[in-house]
Undergrad: 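My questions will all concern the structure given below.
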Amino acid sequence: MADSKSEGPNTKPQSSAQTEVANGGVASRADRYDPQAIEQKWSERWAQNPDLYRAEPPTSSRKKYYVLEMLPYPSGALHMGHVRNYAIGDALARYMWMQGHNVLHPMGWDAFGLPAENAAIQNQTPPRQWTLHNIASMKAQMKRLGFAYDWSKELATCLPEYYRWNQWFFLKFFEQGLAYRKKSKVNWCPECATVLANEQVLPNGCCWRHENTPVEQRELEQWFLRTTKYADELLQGLDTLQGWPEKVRTMQRNWIGRSEGTLVDFKLDGAAGPAGDTISVFTTRVDTIYGATSLQLAPEHPLVADLIANDPGLLAKVEDLMAEQRKAKEVGDIGAIEKHGVSTERYALNPFNGEQVPIWVANYVLLDYGTGAIMSVPAHDERDYEFAKKYGLDIRVVILPRRDGDERRETDEPVLPFTEMDSLVMNSGEYSGLPCQEAIVKMSKFAEAQGFGKATVTYRLKDWGISRQRYWGTPIPMIYCPDCGIVPVPEKDLPVLLPEKVQFMPLVIAGVVAGGSPLSRVPEFVNVNCPKCGGPARRETDTMDTFVDSSWYFYRYTDPSLDSKPLDSDTVGYWFPIDQYIGGVEHAILHLIYSRFWTKVMRDMGLVKNSEPADRLFTQGMVIKGGAKMSKSLGNVVSPDDMVARYGADSTRMYTLFASPPDRDLDWQDAGVEGISRFLSRVYRLVTENTPTQNNQPELPVANKRGPAARNLQRELHKTIKRISDDFKGRWHFNTSIAALMELTNLFSGMSSDIADGNVPMEDVAEVKRSLVLMLAPFAPYLTHELWEMLGETADLLRAPWPQYDAALAKEEEVEIAIQVNGKIRSRIVVPADAEEAQVRELALADDKVKAALAGKEVVKVLVVKGRLVNIAVK
RNA sequence: GCCGGGAUGGCGAAACUGGCAGACGCAGCGGACUUAAAAUCCGCAGGACCGAAAGGUCUGUGGGGGUUCAAGUCCCCCUCCCGGCACCA
């Protein structure tokens, strides 16, 4: 994504076409496949007909089909990953058109984001100009590749016609309490004077643009969207998404991280400070609370400051723990660091038995999960056990393995740490003897009744922080008034427009870098009258996370120029849910969870009826080269423009489908494109040669009954139709679809003498040609349009019906059967396809080679698999 | 550590429900066409061995066991590669 360099495509006109055309009389059309000439011709034709791929309105009598590919960030140029993604979607869209569907196949631009600002700083180009220029380049690339989009639905998220609806949604969210403001920690680079995304913090904890500047954690007021309100529904909805890859659903489940447990308040023993006298812990195993021999607080837990306030030595140690944690988090291996801790020399009281429990601070306790404090039960938790061993804390066993039928004996000491849930509680007062599950329920109820706790559910999923201290994003439509407080911009004043004249370089005043978004330095933008009281007020200067843009763009596609509302519910009701969404698995979590969240909010607002955005999701594999992801630093990037210039768009996109199944990684090999190009040349030659009109075979000797050659061709044609149709309906293994077309082509090409001799009816030849062109149409649009026209067809190829499979014609008359003796092939025989088992068995046993192999052996068993093989087991 | 995906010729891969391993393509070799080359067309091609040849024998889907008349495919154990998550209390 963060691809700031690179200008648009630079496709040189590569024409060998002139030479072909120049010497041509009427009859001598180019006899060689010339992709550049063909593709140029059809590009021009398609350009003259902008409504070609336009979806019909909901009144259409056709069945709707919405195929969507993830929209690109306009970095400047498409890469091979895009080509693959869009080639898959385009093949599907074209197939669906040929199936007679009303297809919606839109494209747009995820056009806000930091690279545009970087470009502004580096090249003095305004972000808007840079972005629109890139969009123009990439759109030209897409057109050159021949993708069939309904461009009347195009949108760019950086334009006010789009982002005003982000703002509108934000106001609605705010009204419903789904948008709120709170303090939160952010990555802050003091040199850039802005917040960084986690991905922009280098492994060494420094800024990506200032490699020697450590990133700081700052507390800032941020806007959040309440995704956690939908946590349970987001989780449960995953079960309904049968058309999504299990992998993605698992990742989302883990991300949401639902965990049932109990909150328990421990009271501080002794004097309390400003942070209060209660330490709340979250545990999934409250049944082990009688085994709690310490409390462990996260180093940044608010109470820690109180507890160590009078002890500078302790303070230093706690700061070390914080540093350790922060560093490990930045490097990404928190979980690997060695457990450290320090005792605060203070105590809390276990509310269940009144026991004094020492309070420690430990580096393995995380502030942002649960309550940031845990009860430590060394006997029954691996981490607590490791920690207690290290610091010599008490280890008290309070659950025991359950034994079938047996009386439990107190001497049955389990191996520690012992964590089995199917156990019995002991040494726990009135709860002793209960199964763990039961104890958890009873103890949680008791805690609630006594007012020191309750059963609860926590999530790993956090509310979505959307504030960004950046320019190139959607302004958050809020105003801060000294008298009225936070005041939303009235709906009628939307959109809040991004100002054009902005200084991006951080300001340095008296040696200190000024903070805040570049917007905060635009007085015309900041200074505003309060909508409530009319007095002077300030605008919010943060912008929205770009994931907001991509959370609902696919709804806007249904009517992107609508200016009275974000979408028309009836139109959306017609098109949704998306029938097929296609994109990279790297968006499995963020984008796809946010989109699901947004859909549910919209549904609750009454805007849409569906609860999930997409019925089916397909995640394609990466394009790699030499076993590694393509990257500039490795120098293994293959440019689509180069490939198109050399082999044409058809070959380039078709290769991305042929080289491996679309759900797997694709190892790029230039020579492979050449193979496809050769194949298309063969098709071109075969279809243009021997066209029925050219061949003056008059009466055919085989008018009604086809000879073996003709039957063979007919049979293979229908087998191919079935293979390809099945692939579109099922696994999408286009690599085998294309292989099937190659096989048919090879067979057809090998039959030229049969055709010349009149052994194949001309109508069959014509049917094979037509079918070949039709079945190739989803993969190679330019060539197939050209050939379709050459075959004398005038109707639109995309409206031509897909070839029909006829099982009777695909049926084999004879089949070859392998004969095995003890699993090893000894012979092969040809039998009628419908031969009975007994008959095949006779023939097999009568075969000379088989007899030889059976000589002197005793036949134990003869197994016949119809149409496939015979296996004779001998002793 | 946990959860996915994967390992098949020189290379990308195919074999969808257990049934002839290697379809299709790339690279390679041989031949035709050509003054020559390119392009194109035809043919060969997992490996080892036997044979002048036709043909034959053995072996082979990361490794080891198992189930089965039959295993790339099913079961158990192990190795390596890729992706995701990770002191989640």
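These numbers come from a predicted model, not from an experiment. Just so we're on the same page: letters track the sequence lines, and every chain starts at 1.
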Undergrad: Among B:rG19, B:rG56, B:rG12, which is the nearest nucleotide to the side chain of A:Ala659?
TA: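 Among B:rG19, B:rG56, B:rG12, the one nearest the side chain of A:Ala659 is B:rG12.
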Undergrad: What's the gap between B:rC82 and B:rC29 when it is taken at their P atoms, as a whole Å value?
TA: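 Taking atom P in both B:rC82 and B:rC29, they lie 34 Å apart.
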Undergrad: Once you round it to whole Å, what is the distance between C1' of B:rA71 and CG of A:Asn871?
TA: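 Rounded to the whole Å, the gap is 13 Å.
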Undergrad: If we ignore angles and hydrogens, is there a donor and acceptor under 3.5 Å between the side chains of A:Gln296 and A:Ser294?
TA: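 Yes, a side-chain donor-acceptor pair sits under 3.5 Å.
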Undergrad: Kindly assign one of parallel, tilted or perpendicular to the pair A:Phe352 and A:Phe452, based on the angle between their ring planes and the thresholds 30° and 60°.
TA: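 Plane angle over 60°, so perpendicular.
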Undergrad: Considering only B:rC69, B:rC24, B:rG19, which nucleotide approaches the side chain of A:Asn746 most closely?
TA: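 Out of B:rC69, B:rC24, B:rG19, the nucleotide with an atom closest to A:Asn746's side chain is B:rC24.
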Undergrad: Report the nucleotide, chosen from B:rG25, B:rC87, B:rA21, that has the shortest atom-to-atom distance to any side-chain atom of A:Tyr364.
TA: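 Of all the options, the side chain of A:Tyr364 is nearest to B:rC87.
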Undergrad: Check whether any side-chain N or O of A:Arg685 sits under 4.0 Å from OP1 or OP2 of B:rC41, and answer yes or no.
TA: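 True: A:Arg685 side-chain N/O within range (under 4.0 Å) of B:rC41 OP1/OP2.
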Undergrad: Under the salt bridge (charged side-chain N to carboxylate O under 4.0 Å, His left out) rule, collect the residues that match up with A:Lys625, sequence neighbours excluded.
TA: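 For A:Lys625, no residue satisfies salt bridge (charged side-chain N to carboxylate O under 4.0 Å, His left out) once neighbours in sequence are set aside.
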Undergrad: Pair up each side-chain donor or acceptor in residues 367-380 of chain A with any protein partner under 3.5 Å, not counting sequence neighbours, and list the distances.
TA:
residue, atom, partner, partner atom, Å
A:Thr371, OG1, A:Ser280, O, 2.6
A:Thr371, OG1, A:Ala373, N, 3.4
A:Thr371, OG1, A:Ala373, O, 3.2
A:His380, ND1, A:Phe418, O, 2.7
A:His380, NE2, A:Val398, N, 2.9
A:His380, NE2, A:Ile399, N, 3.2

Undergrad: Counting only side-chain nitrogens and oxygens, does A:Arg826 get under 4.0 Å of the OP1 or OP2 atom of B:rU57?
TA: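 Yes, within the criterion.
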Undergrad: Closest approach to the side chain of A:Glu743, judged atom by atom: which nucleotide of B:rG6, B:rC24, B:rC87 is it?
TA: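 Looking only at heavy atoms from C-beta outward on A:Glu743, the closest nucleotide is B:rC24.
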Undergrad: Which of these nucleotides, B:rC85, B:rG56, B:rC24, is closest to any side-chain atom of A:Arg460?
TA: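 For the A:Arg460 side chain, the nearest candidate turns out to be B:rC85.
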